[in-house]
Amino acid sequence: MQQLFSEVATTKEIAQEFGKELPEWISIESVKDKKYQSLLELEVDKGEASAIVLSMEKAEALLILDDLQARKLAEKLRLKYTGTLGMIARARSEGVIASVKPIIEKIRNTNFRFSEEVFAVIIKTAGEE
């Protein structure tokens with residue numbers, strides 16, 4: 001992420017959910033509009049709600065979401081977003097990583113869920129069939 005983006009910011013809610021210390025190049029910021037965050041928490045969890053609001057408060061933000069409900073909400077709000085797999089594909093296209101396949105294979109062995117169709121599209125897009 002550090003090599004892909006000039007700035008990486010998250011919220012204290014997400015930092016707490018992560019449960020480990022974040023690298024120093026990730027800034028932890030507070031959402032200004034707490035009322036809007038509370039409203040969004042009726043649809044998604046606290047971390048995702050805080051990330052969505054923070055992205056709305058920052059110009060030209062790219063929101064990183066993997067949860068389907070949060071992605072649908074971001075789409076309704078017309079926010080620019082991607083997910084973990086999209087970031088991996090971007091890292092490959094920008095030459096930050098040499099191959100997506102070994103990384104995606106590792107992710108497959110976790111509780112992170114994605115379809116075989118998505119896997120095939122990422123591999124094909126990266127030219128690693």
Side-chain angles (χ1 to χ4, degrees):
M1 283 177 60
Q2 185 178 22
Q3 294 173 321
L4 292 176
F5 305 105
S6 59
E7 176 187 355
V8 178
T10 193
T11 63
K12 61 183 178 182
E13 291 85 354
I14 293 172
Q16 287 172 341
E17 285 179 12
F18 188 66
K20 298 177 186 172
E21 192 171 327
L22 295 172
E24 62 183 43
W25 50 267
I26 298 177
S27 66
I28 299 174
E29 300 183 19
S30 293
V31 168
K32 293 177 181 83
D33 193 344
K34 294 289 187 186
K35 286 183 183 179
Y36 192 53
Q37 179 181 331
S38 294
L39 181 65
L40 293 184
E41 287 173 19
L42 298 173
E43 294 190 49
V44 295
D45 80 19
K46 193 172 197 150
E48 289 151 344
S50 68
I52 289 169
V53 175
L54 182 63
S55 75
M56 295 174 78
E57 294 175 350
K58 294 185 148 298
E60 299 298 315
L62 175 64
L63 183 58
I64 301 167
L65 296 169
D66 288 313
D67 179 78
L68 181 60
Q69 187 66 26
R71 291 170 75 102
K72 286 180 179 179
L73 180 56
E75 204 161 299
K76 276 189 220 174
L77 296 170
R78 296 188 174 152
L79 299 173
K80 189 174 163 185
Y81 68 90
T82 190
T84 300
L85 298 177
M87 287 191 18
I88 293 167
R90 180 176 175 170
R92 171 68 166 93
S93 71
E94 293 187 18
V96 174
I97 59 173
S99 176
V100 299
K101 199 168 188 174
I103 296 168
I104 293 177
E105 288 290 352
K106 282 183 182 179
I107 291 172
R108 277 175 129 174
N109 294 322
T110 69
N111 64 353
F112 188 93
R113 295 183 308 257
F114 58 92
S115 70
E116 287 301 312
E117 182 180 336
V118 168
F119 176 78
V121 167
I122 298 272
I123 297 298
K124 184 177 182 178
T125 302
E128 298 180 27
E129 293 181 275

Worksheet item: Taking atom CD of Glu94 as the centre, does the number of heavy atoms from other residues, nucleotides or ligands within less than 6.0 Å exceed 12?
Response: yes
Item to complete: Answer yes or no: is there an ion pair linking Arg71 with Glu48, defined by an N-O contact shorter than 4.0 Å?
Response: no
Discussion item. Is there a continuous path of hydrophobic side-chain contacts, each under 4.5 Å between heavy atoms, that joins Val96 to Phe5?
Written reply: yes
Worksheet item: Can you tell me how far the CD1 atom of Ile123 sits from the CD atom of Glu116, to the nearest 0.5 Å?
Response: 10.0 Å
Practice prompt. Name all residues meeting the side-chain hydrogen bond (donor to acceptor under 3.5 Å, both in side chains) criterion together with Asp66; count only those two or more places apart in sequence or in a different chain, and write none if there are none.
Written response: Thr84
Worksheet item: In the single-linkage hydrophobic clustering (I, L, V, M, F, W, Y; side-chain heavy atoms under 4.5 Å), do Met56 and Ile28 co-cluster?
Response: no
Discussion item. As a quick check of understanding, evaluate side chain to side chain contact (heavy atoms under 4.5 Å, CB included) for Gln2 and Val8, giving each step before the final call.
Written reply: CA-CA 7 Å; Gln2 185 178 22; Val8 178; 5.9 Å; no
Discussion item. Could you check whether any side-chain heavy atom of Glu57 comes within less than 4.5 Å of a side-chain heavy atom of Glu29, counting everything from C-beta outward?
Written reply: no
Worksheet item: Which pair of non-hydrogen atoms, one from Leu79 and one from Ser55, has the smallest distance, and what is that distance?
Response: CD1-OG, 3.7 Å
Discussion item. Quick one, Ile103 and Arg92 - any side-chain contact, counting heavy atoms below 4.5 Å?
Written reply: no
Discussion item. Tell me the closest heavy-atom pair linking Thr11 and Ser50, and the distance in Å.
Written reply: OG1-OG, 2.6 Å
Fill in: Heavy-atom closest contact (Ser27 atom, Glu7 atom, distance)
OG-OE2, 4.5 Å
Practice prompt. Salt-bridge test for Lys72 and Glu75: reply yes if a basic N is under 4.0 Å from a carboxylate O, no otherwise.
Written response: no
Discussion item. Within the structure provided, determine whether Arg90 and Leu4 are in side-chain contact (heavy-atom separation under 4.5 Å).
Written reply: yes
Worksheet item: So do Val44 and Leu65 actually touch side chain to side chain, heavy atoms under 4.5 Å?
Response: no
Practice prompt. May I have the step-by-step check of side chain to side chain contact (heavy atoms under 4.5 Å, CB included) for Ile52 and Tyr81, ending in yes or no?
Written response: CA-CA 10 Å; Ile52 289 169; Tyr81 68 90; over 6 Å; no
Response to the item:
Nearest heavy-atom contact between Ile104 and Phe119 is CG2-CD1, 3.1 Å
Item to complete: Could you give me the CA-CA distance, side-chain angles and deciding distance for Thr125 and Val100, then say whether side chain to side chain contact (heavy atoms under 4.5 Å, CB included) is met?
Response: CA-CA 10 Å; Thr125 302; Val100 299; over 6 Å; no
Worksheet item: Given the rule in the side chain to side chain contact (heavy atoms under 4.5 Å, CB included) test, do Lys76 and Glu43 qualify, once you have shown the distances and angles that lead to the verdict?
Response: CA-CA 12 Å; Lys76 276 189 220 174; Glu43 294 190 49; 3.9 Å; yes
Practice prompt. Please answer: with hydrophobic residues joined when any side-chain heavy atoms are less than 4.5 Å apart, are Leu68 and Ile14 in the same cluster?
Written response: no
Worksheet item: Between Leu63 and Ala51, which heavy-atom pair has the shortest distance, and what is it?
Response: CD1-O, 3.4 Å
Worksheet, complete the sentence: Closest non-hydrogen atoms of Ala89 and Ile122, given as atom of the first, atom of the second and distance, are CB-CD1, 4.3 Å
